[in-house]
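Quick note: residue numbers are just sequence positions, from 1. Read the numbers this way: they start at 1 and go in the same order the structure lists the ligands and their atoms. Everything numeric here is computed off the predicted structure, so don't read it as measured data.
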Amino acid sequence: MEPLKIGVVGCGGRMGRMNLATIVAGEGCVIGGGTDLPGSPAIGSDLGVLAGGEAIGITVGDDPVELFARVDAVVDFTTPEATRRHADLAAQAALIYVVGTTGLGADQQAAIERSALHATVIQAANMSLGVNLLQLVTEQVARALDPDFDIEILEMHHRHKVDAPSGTALMLGQAAARGRGVDLDGVACRARDGQVGARPRGEIGFATLRGGDVAGEHSVIFAAAGEQVVLTHKAGSRAIFAKGAIRAALWGRGKPAGLYSMRDVLGL
Ligand code: NAD
């Protein structure tokens, strides 16, 4: 079988470079091309060098239309607006489209869902095996414990992260809400400041920390009078997200159009 040709959009970014390096190190796939924002310092760089290795003779471009037309799969860790545009191109090209971008608004999410009518879309706010397991366990624990257990989700990320709470924290909040049989939007408290009053029963709270170079830490805390259950995942490096993203692209080969999650990819 021919190796899967993977394009990386946003390839000058933190995750973009990690995705390139993971393709180079992986089996069954090759770098098919890469783009970044017009004017970005990455434009014109050799993709192999950006991946931290030897030059491969393909440079970073700024035209996603051209990229989507000549690869088998695209991996997207960019910004919500860029992802909306890429989702339309993925539908036109009917390829494998792996979306890791977080902080999407309702319109941007709707674009992903439309794209999945034609493309094989794998979307996850967190591509790591550990967090997808944590999501599963969170749902089970929330189902097992009664609402006397207050649920709080604590996350910490590096100082450059632009959205809060993290997509992963929201994904864990959704898992907890599902376990409880409630809608997260109806019970979420995404931040607290000032005279907010006592904590309502059944609330799912979020707390956000930012600093340094933390790749991602998440804890789901179930706190009752006299006892706590705390489930924690710590990402030591972004490599785990890239590994998941490239695994998802390879998994998508031959799959019909549709919207899939990392739980589908990992068989959880
Ligand atoms: P980053 O800022 O380092 O990289 C983003 C890159 O996208 C930059 O190089 C930027 O120039 C580029 N970009 C912006 N608009 C573009 C466009 N229109 N076309 C092409 N490139 C464009 O950010 P990052 O830390 O790599 O994170 C990127 C996204 O991935 C964030 O939303 C983050 O939350 C998310 N993320 C998801 C996971 C996961 O497992 N799903 C893991 C880590 C990060």
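By the 3.5 Å distance cut-off applied to N or O atoms, Ser40 is not counted among the residues near ligand 1. Polar contact check, Val9 against ligand 1: no nitrogen or oxygen pair lies under 3.5 Å apart. In terms of N/O distances under 3.5 Å, ligand 1 is approached by Lys161. In terms of N/O distances under 3.5 Å, ligand 1 is not approached by Arg238. Considering backbone and side-chain atoms alike, Gly13 places an N or O below 3.5 Å from some N or O of ligand 1. Here's the thing with Thr35: none of its N/O atoms is less than 3.5 angstrom from an N/O atom of ligand 1. Residue contacts with ligand 1: Ala124 is placed with a nitrogen or oxygen under 3.5 Å of a nitrogen or oxygen of the ligand (distance criterion only).
With respect to atom 40 (O) of ligand 1, the closest heavy atom belonging to the protein is Met127 N, 2.9 Å. Closest to atom 14 (C) of ligand 1 among all protein heavy atoms lies Thr79 CG2, 3.8 Å. Here the protein heavy atom with the shortest distance to atom 29 (C) of ligand 1 is Thr78 O, 3.4 Å. The protein heavy-atom contact nearest to atom 38 (C) of ligand 1 is Phe77 CE2, 3.4 Å. In this structure, the protein non-hydrogen atom closest to atom 1 (P) of ligand 1 is Arg14 NH2, 3.8 Å.
Defined by atom type and a distance below 3.5 Å, a donor-acceptor pair is present between the side-chain atoms of Ser166 and His218. Using modelled atom types and a 3.5 Å distance limit, the side chains of Gln174 and Gln135 yield no donor-acceptor pair. Residues Asp76 and Thr83 have side chains that bring a donor and an acceptor to within less than 3.5 angstrom of each other.
For ligand 1, the atoms sitting less than 4.0 Å from at least one non-hydrogen atom of Thr102 are 32 (O), 33 (C), 34 (O), numbered in the order shown with element in parentheses. Proximity to Leu37 (heavy-atom distance under 4.0 Å) selects the following atoms of ligand 1: 11 (O), 15 (N), 16 (C), 17 (C), 18 (N), 20 (C), 21 (N), 22 (C). Residue contact check: Ala125 has heavy atoms under 4.0 Å from atoms 38 (C), 39 (C), 40 (O), 41 (N) of ligand 1. Less than 4.0 angstrom separates some heavy atom of Met15 from each of these atoms of ligand 1: 26 (O), 43 (C), 44 (C). Residue Thr101 has at least one heavy-atom neighbour below 4.0 Å for each of these atoms of ligand 1: 32 (O). Remark: ligand 1 atoms within the under-4.0 Å shell around heavy atoms of Ala82 are 15 (N), 16 (C), 17 (C), 18 (N).
Minimum heavy-atom separation, Val71 to Lys5: CB-O, 3.5 Å.
Dense packing is recorded around CG of Asp146, with more than 12 heavy atoms of other residues, nucleotides or ligands lying under 6.0 Å away.
For the pair Asp148 and Arg201, the salt-bridge criterion is met [side-chain N within less than 4.0 Å of a carboxylate O]. A salt bridge between Arg180 and Glu139 is absent, with no side-chain N of the basic residue lying under 4.0 Å from a carboxylate O of the acidic one. A salt bridge links Glu155 with Arg210; the closest basic N to acidic carboxylate O contact falls under 4.0 Å.
Applying the side-chain contact (heavy atoms from CB on, under 4.5 Å) test between Ile122 and each of Leu259, Ile96, Asp264, Val75 identifies Ile96 as the sole match.
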Next on the checklist: Run Asp46 and Thr59 through side-chain hydrogen bond (donor to acceptor under 3.5 Å, both in side chains) and show every step you take.
Outcome noted: CA-CA 4 Å; Asp46 187 280; Thr59 54; over 6 Å; no
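Under the 30°/60° scheme for interplanar angles, the aromatic rings of Trp251 and Tyr260 are found to stand perpendicular.
Around atom 37 (C) of ligand 1, the closest heavy atom drawn from Gly12, Gly103, Gly10, Gly100 belongs to Gly100. Taking only non-hydrogen atoms, the option from Asn19, Asp63, Asp36 nearest to atom 8 (C) of ligand 1 is Asp36.
Of the possible polar contacts, one joining the Thr22 side chain to the Met18 backbone as a donor-acceptor pair under 3.5 Å is found.
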